[in-house]
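Right, one structure below, let's go through it.
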Amino acid sequence: MKWIIFACAVAGILPAAQWLRRNPNYMSKAWVLFGFLPFAFNPHIALIDWAGWPGHVKGILVTGLDLLAVTLFLILPRPRTRAPFRLTMGLYFLAMVLSIAQAQVPMASAFYSWQLLKVYFVYILVRRASSDPRTLEAILTGMSIALCMQVVLAGWQRFGHGELRAAGSLGDKNLLGFIVEFATFVPFAALLAGQRG
């Protein structure tokens with residue numbers, strides 16, 4: 001069943017990109033969703049699933065954010081300049097791929113390389129989109145909505161259920177802490193720079 005869902009999701013990327021291109025009014029909503037997904041609820045399909053694996057990356061996952069990123073990538077125009085840190089990122093990724101052959105569990109090492117490749121792709125996409133301030137504002141709006149949702153959920157877990165270390169919707173209190181820290185810096189810096197909203 002998951003392969004049918006995955007095939008339908010991949011087949012829907014191109015029509016979704018064409019629809020967004022014809023309806024640019026919805027682009028800001030797509031970017032809000034892009035900012036929301038990684039910090040709140042990001043549905044995924046596990047192409048390879050090692051749920052019991054003790055490592056942080058437990059398989060080859062394709063998330064809703066990945067599919068949305070590919071859709072948005074197809075719409076954006078090519079940038080005039082190249083992304084910085086390409087050589088550094090490429091060398092680091094090469095080191096990760098080469099380490100797969102030397103790992104005790106090669107498949108588990110491949111999981112991290114897959115995740116790293118997705119992170120690089122999102123970096124390139126956001127860099128490409130950052131030429132439009134409205135896009136950045138929409139991404140920050142999505143991140144802020146997700147943080148507000150996490151506050152409510154973690155508050156309910158703490159005061160409603162008595163959990164001393166609430167994890168929000170992320171399942172891990174440390175992951176929630178990291179995400180809150182990363183997602184708060186940019187909106188706070190924008191607020192200090194005089195940007196409202």
Side-chain angles (χ1 to χ4, degrees), residues 5 9 16 20 24-46 49-73 75-76 111-112 114-197:
I5 295 171
L20 276 173
N25 297 343
Y26 289 93
M27 279 299 289
S28 63
K29 292 176 179 61
W31 285 112
V32 168
L33 182 62
F34 183 84
F36 176 83
L37 285 176
F39 299 102
F41 173 70
N42 192 7
H44 68 272
I45 297 170
D49 189 6
W50 286 16
W53 181 249
H56 178 67
V57 186
K58 301 182 185 302
I60 303 277
L61 305 179
V62 176
T63 66
L65 179 69
D66 302 332
L67 298 170
L68 181 59
V70 172
T71 303
L72 294 170
F73 186 82
I75 297 169
L76 290 177
F111 296 162
Y112 176 68
W114 171 252
Q115 186 179 34
L116 188 64
L117 188 64
K118 294 191 315 177
V119 168
Y120 286 172
F121 182 69
V122 167
Y123 162 74
I124 289 168
L125 176 68
V126 171
R127 192 222 173 245
R128 211 181 250 205
S130 64
S131 60
D132 185 358
R134 292 171 302 174
T135 300
L136 291 179
E137 185 178 333
I139 293 172
L140 292 178
T141 300
M143 290 168 56
S144 300
I145 292 169
L147 286 177
C148 291
M149 187 197 86
Q150 292 294 347
V151 165
V152 170
L153 189 55
W156 173 252
Q157 290 170 347
R158 172 65 183 99
F159 299 109
H161 292 284
E163 295 179 31
L164 293 179
R165 293 186 167 185
S169 68
L170 302 170
D172 184 355
K173 59 192 174 300
N174 293 330
L175 186 58
L176 177 64
F178 275 123
I179 282 188
V180 167
E181 188 173 339
F182 293 142
T184 305
F185 284 146
V186 178
F188 185 64
L191 185 66
L192 290 177
Q195 183 175 337
R196 300 286 180 231

Task: Inter-residue atom distance M143.CE - Q150.CD, 0.5 Å rounding - done: 12.5 Å
Open item on the list: Just checking Y123: does its OH atom have more than 12 heavy atoms from other residues, nucleotides or ligands closer to it than 6.0 angstrom?
Closed with: yes
TODO: Search all heavy atoms of L68 against all heavy atoms of A30 and return the closest pair with its distance.
DONE: CD2-O, 3.7 Å
- [ ] Please name the pair of heavy atoms, one in A138 and one in S28, separated by the smallest distance, quoted to 0.1 Å.
- [x] CB-O, 3.6 Å
- [ ] Please check if the side chain of K58 supplies one atom and the backbone of A46 the other of a donor-acceptor pair under 3.5 Å.
- [x] no
Task: Spatial distance of atom CG (L125) from atom CG (L76) [nearest 0.5 Å] - done: 6.0 Å
- [ ] Could you tell me the separation between the CZ atom of F39 and the SG atom of C148, rounded to the nearest 0.5 Å?
- [x] 13.0 Å
Task: Check: W114 ring centre within less than 6.0 Å of F111 ring centre - done: no
Open item on the list: Within a 6.0 Å radius of atom CZ on F121, are there more than 12 heavy atoms belonging to other residues, nucleotides or ligands?
Closed with: yes
Open item on the list: Working to the nearest 0.5 angstrom, can you tell me the gap between S144 OG and I139 CD1?
Closed with: 11.5 Å
Task: Distance in Å, L117 CG paired with Y112 OH, rounded so as to fall on 0.5 Å steps - done: 11.5 Å
Task: Interatomic distance, W31 atom CH2 to L136 atom CG [nearest 0.5 angstrom] - done: 9.0 Å
- [ ] Search all heavy atoms of L61 against all heavy atoms of K118 and return the closest pair with its distance.
- [x] O-NZ, 2.9 Å
TODO: State, with a plain yes or no, whether a side-chain heavy atom of R127 is found less than 4.5 Å away from one of I124.
DONE: no
TODO: Side-chain contact test, heavy atoms from C-beta onward, threshold under 4.5 Å: evaluate it for L37 versus T63 and give yes or no.
DONE: no
- [ ] Find out whether V70 and D66 are in side-chain contact, i.e. whether some heavy atom of one side chain is under 4.5 Å from a heavy atom of the other.
- [x] no
- [ ] Under the side chain to side chain contact (heavy atoms under 4.5 Å, CB included) rule, what do T135 and M27 come out as? Steps first, then yes or no, please.
- [x] CA-CA 8 Å; T135 300; M27 279 299 289; over 6 Å; no
